[in-house]
Number of protein chains: 2
Amino acid sequence: MTLAQQKPGKTHAECTKAILPVRDALDILSGKWKLPIIISLSFGNKRFSQMAKEIPGITDKMLSKELRDLEINQLVKRTVYDAVPVVVEYSMTPYGKSLERVIDELRDWGVLHRKKVMGKMK
Amino acid sequence: MTLAQQKPGKTHAECTKAILPVRDALDILSGKWKLPIIISLSFGNKRFSQMAKEIPGITDKMLSKELRDLEINQLVKRTVYDAVPVVVEYSMTPYGKSLERVIDELRDWGVLHRKKVMGKMK
DNA sequence: CAGTATCCTGCACGATACTG
DNA sequence: CAGTATCGTGCAGGATACTG
């Protein structure tokens, strides 16, 4: 059911409940680095230091933390290869790739928005 | 062009540019109160104090600030009716309503995610 | 190579009081 | 009614150093 299709007269509890999954999705993408990391991995599997190089400005700490978040949410898979020194590869899970549809939708709207407010971006 | 369809070998500049509109869309929805406000207004035009009552926990300051943000981004229209005391009505613009599609997409994914991590939400 | 550990800072947001 | 003004505060994120 879409927003527009919802009948009026919903209780606050129902409205709050309707917001929860949207919040969840937004939380997954929130923060400064989630998007760059997801996009980077969407182009192919990467190793830690490779991503650290490819994402301008990110610190090891943030990369490590955000990758862990994404792994906990099952969007990213961490694979350790037994070598010396150790090799760790990160990849998007199939589930993580399902986010691309959402990101594409956000981009479509964002492109529209850029055009609309062109020249007076905050 | 979707993420998946992009060819490898893009420059960092190009990647960064591809992220920008997504960031824009995300920024519009970011923060604690944007979503509740947008959802509230999607059910119909509202007056300030009416929204303040309907959105549990929001302060006048935040409601005022977020409504101004949304107005600046042309998602919300503020109409002042000449009465004593003054009456102000907020409504979604047609443009603002175009966000509902994005929100619905976020919700669809969020519902999936809730099922996937059911029982172990952070 | 693939990360932690510590310390620090800015800003989103909250509490409370006040106003045309 | 429809908001500002002022003062706090917690936490996301940054800088830097260190480690198995």
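Heavy-atom basis, side chains included; hydrogens, waters and symmetry copies ignored. Because the structure is predicted, anything quoted here is derived from the model rather than measured. Each chain gets a letter, A, B and so on, in the order the sequences are listed, and its residues count up from 1.
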*Checking all strands, does B/Tyr81 fall into the base, sugar-phosphate, or nothing category for heavy-atom contacts under 4.0 angstrom?*
nothing

*From the list D/dG3, C/dA2, C/dG14, which nucleotide is the closest neighbour of the side chain of B/Phe48?*
D/dG3

*Quick one: which of C/dA2, C/dC13, C/dG14 gets closest to the side chain of B/Glu66?*
C/dC13

*Think A/Ser49 has a side-chain N or O under 4.0 angstrom from the OP1 or OP2 of C/dA2?*
yes

_With rounding to the nearest 0.5 angstrom, report the CG to CD1 distance, B/Leu67 to B/Ile38._
10.0 Å

*Can you find an N or O donor on one side and an acceptor on the other, under 3.5 Å apart, linking the side chain of B/Lys61 with the base of C/dG14?*
yes

*Candidates D/dA2, C/dA2, D/dG14 - which lies nearest the side chain of A/Trp33*: D/dG14

*Within the structure, does a side-chain N or O atom of A/Tyr90 lie under 4.0 Å from either OP1 or OP2 of C/dG3?*
yes

*Please check the phosphate of D/dA2 (OP1 and OP2 only) for any side-chain N or O of B/Arg47 closer than 4.0 Å.*
yes

*Check every strand shown and say whether A/Lys65 touches a base, only sugar-phosphate, or nothing at a heavy-atom separation below 4.0 Å.*
nothing

_For A/Arg101, is there an ion pair with A/Asp104 - N to carboxylate O distance below 4.0 angstrom?_
no

_Which residues pass the salt bridge (charged side-chain N to carboxylate O under 4.0 Å, His left out) test with A/Lys46, not counting sequence neighbours?_
A/Glu54

*asked:* Let's see if you can work this out: which of C/dA2, D/dT4, D/dC1 has an atom nearest to the side-chain heavy atoms of B/Pro85?
replied: D/dC1

*Taking side chain as C-beta onward, heavy atoms only, is A/Leu99 less than 4.5 Å from A/Met92?*
no

*How close or far is atom P of C/dA12 from atom CD1 of B/Ile37, stated in whole angstroms?*
15 Å

*More 5' along DNA chain D: B/Arg68 or B/Lys53, using each one's nearest nucleotide?*
B/Lys53

*asked:* Does D/dT4 have OP1 or OP2 under 4.0 Å away from a side-chain N or O of B/Ser64?
replied: yes

